[in-house]
Amino acid sequence: MTFEIKTSSTDCSARAGIITTDHGQIETPIFMPVGTAGSVKAIHQRELNDDILAQIILGNTYHLYLRPGLEVLKAAGGLHKFNHWDKPILTDSGGYQVYSLSGTRKLTENGVIFSSHIDGSKHEFTPEKVMDIQRIIGADIIMAFDECTPYPCDYQYAKKSMDLTHQWLKRCITAFDNSEPVYGYSQTLFPIVQGSVYRDLRKQSAETIASHGREANAIGGLSVGEPTEIMYELTELVCSILPKDKPRYLMGVGTPANLLESIALGVDMFDCVMPTRNGRNGMLFTRNGIINIKNKKWEMDFSPIDEESDCFVDQFYTKAYLKHLFKANEILGLQIASIHNLAFYLWLVKEARKHIIEGDFLPWKTRMVEQVSRRL
RNA sequence: GGGGAGAUACCAGAGUGGCCAAAUGGGGCAGACUGUAAAUCUGUUGGGAAACCUUCGGAGGUUCGAAUCCUCCUCUCCCCA
């Protein structure tokens with residue numbers, strides 16, 4: 001994997017770049033749709049390509065390991081062949097599940113023992129095992145095994161957890177560097193900064209992560225419930241320490257406004273379930289603000305979902321029809337909302353890139369943040 | 001014509017003397033959702049800011065107190081002829 005910066009903003013830390021992988025290029029800043037179980041929920045690959053213009057998608061180690069399982073993935077020839085996505089894939093390590101499944105897991109010295117959310121069976125994840133699984137899944141970008149701390153999180157725990165993540169990282173790196181890709185193309189390991197909301201821990205973690213000199217770096221443990229301002233302050237701090245010439249990936253973020261603000265702070269990559277999950281729950285993100293399509297006010301609104309969008313569903317379907325689909329529990333509603341939201345997210349980062357290159361990112365960003373945050 | 005069952009909030013449907021402005025579902029209205037245990041979850045749904053007022057087919061009655069008991073009326077459904 002290589003990263004080349006095309007243009008850097010002069011009035012903020014935003015930059016436009018190109019990541020090159022064996023499955024093609026990614027123009028940054030980029031938003032990566034989440035496809036946890038090997039599928040971006042409710043979306044066809046054709047829509048991902050032609051309507052949403054996705055350049056890279058995510059998969060999840062924990063979920064894919066449990067189902068379909070490594071035997072199937074290996075026999076399929078890796079996730080790219082299995083789900084027929086031939087552009088880049090990034091897999092999360094299961095570090096987020098250490099957090100979100102905290103009720104059914106146990107931390108050990110060696111790693112984490114999970115109870116499967118599917119059948120309750122016990123499975124152990126260690127840094128070595130997680131590297132091995134991600135080799136077999138065959139993602140272009142694989143994530144270090146970390147612990148995503150909850151919020152709030154007391155200092156002692158945050159420190160202990162950060163140290164654990166750092167130890168695990170060393171083991172991840174050893175395991176990764178001493179193993180080979182399973183399917184011929186190269187894979188890249190991203191380490192992850194932790195440290196909860198504590199500036200000194202974040203600083204220490206960013207320095208530790210940077211010292212490993214990997215090809216890119218990720219920021220984890222944010223957008224877990226802390227105030228947005230704190231998230232921005234920590235992102236800014238961490239970005240100021242992580243090397244400038246390497247991609248920075250802010251994990252799990254966020255709202256359209258979060259993306260724009262974070263791009264200004266120097267973040268290049270994002271992923272978030274929000275456009276898909278919230279879309280399935282009736283929330284539409286648009287350049288003019290946020291719509292809850294289930295609300296009565298859209299019942300008689302026969303205007304297109306988004307008249308300024310080039311995306312097929314935005315022109316083809318009306319708000320009133322989409323409202324009806326949601327109320328009638330029709331599966332098509334979920335599909336339309338998901339396509340719309342992802343297309344909007346990809347449009348937003350593409351537009352951000354354009355303005356970075358044109359040199360007017362900051363004023364454009366300020367205007368857009370206000371616009372996309374409105375409630376319609 | 002004879003016999004039986006029933007009428008409860010937007011709908012379905014519990015409740016059969018006080019703890020009932022009335023369970024539960026559905027529907028309606030709104031809210032939440034940030035590296036997906038999520039087509040999920042939460043709130044609310046007679047009026048009123050509140051004290052309180054008006055409700056359980058209708059009209060009377062019994063009782064300190066009635067959706068619940070009694071009388072009559074209206075209507076619905078089922079079975080037999």
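Each chain gets a letter, A, B and so on, in the order the sequences are listed, and its residues count up from 1.
For A:Asn60, taking side-chain heavy atoms from C-beta onward, the closest of the listed nucleotides B:U34, B:A38, B:U36 is B:U36. For A:His63, taking side-chain heavy atoms from C-beta onward, the closest of the listed nucleotides B:U36, B:G28, B:G35 is B:U36.
Put simply, the side chain of A:Thr276 and the base of B:U36 share a donor and an acceptor less than 3.5 Å apart. Judged by distance alone with a 3.5 Å cut-off, a donor-acceptor contact links the side chain of A:Asp146 to the base of B:G35.
The separation of B:G57 from B:G28, taken at their P atoms, amounts to 27 Å, rounded to a whole angstrom. B:U74 and B:C10 have their P atoms separated by 26 Å, with the value rounded to a whole Å. Taking the P atoms as reference points, B:C56 lies 16 Å from B:G61, given to the whole Å. Remark: the separation of the P atoms in B:C11 and B:G46 is 13 Å, to the nearest Å. Separation of the C1' atoms belonging to B:U54 and B:G48 is 11 Å when rounded to the nearest angstrom. Comparing the C1' positions of B:C20 and B:C70 gives an interatomic distance of 22 Å, to the nearest angstrom. B:G43 and B:U24 are spaced 11 Å apart, taking the P atom of each and rounding to whole Å. Rounded to a whole angstrom, the distance from the P atom of B:U71 to that of B:A22 is 30 Å.
When heavy atoms are screened at a 4.0 angstrom cut-off, A:Gln335 is found touching no nucleic acid atom at all. Among the protein residues, A:Leu58 comes within range of the sugar-phosphate backbone only, with heavy atoms under 4.0 Å from sugar or phosphate atoms but none that close to a base. A:Asn281 comes within 4.0 angstrom of a nucleotide base, judged by non-hydrogen atoms across all strands. A:Gly221 comes within 4.0 angstrom of a base, heavy atoms only. Residue-level contact check: A:Arg375 touches the backbone only, with heavy atoms under 4.0 Å from sugar-phosphate atoms and none from bases. Residue-level contact check: A:Met283 touches the bases, meaning some heavy atom is under 4.0 Å from a base atom. Using a 4.0 Å heavy-atom cutoff across all strands shown, A:Asn258 reaches at least one base atom of the nucleic acid. Within 4.0 Å (heavy atoms only), A:Lys294 reaches at least one base atom of the nucleic acid.
A:Tyr96 and A:Asp146 form no side-chain donor-acceptor contact under 3.5 Å, judged by distance and modelled atom types alone. Of the N and O atoms on the side chains of A:Asp132 and A:Tyr65, not one donor lies less than 3.5 Å from an acceptor on the other residue. One side chain, A:Glu147 or A:Tyr157, offers a donor N or O that lies under 3.5 Å from an acceptor on the other.
Taking only side-chain nitrogens and oxygens, A:Asn295 comes nearer than 4.0 Å to OP1 or OP2 of B:G31.
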May I have the step-by-step check of salt bridge (Lys or Arg N to Asp or Glu O under 4.0 Å) for A:Glu261 and A:Lys365, ending in yes or no? CA-CA 8 Å; A:Glu261 296 293 5; A:Lys365 183 219 81 175; 2.7 Å; yes
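Nearest-nucleotide mapping onto RNA chain B: of A:Leu334 and A:Met143, the residue sitting toward the 5' end is A:Met143.
A salt bridge does not link A:Lys350 with A:Glu27: every distance from a Lys NZ or Arg NE/NH1/NH2 to an Asp or Glu carboxylate oxygen is 4.0 Å or more.
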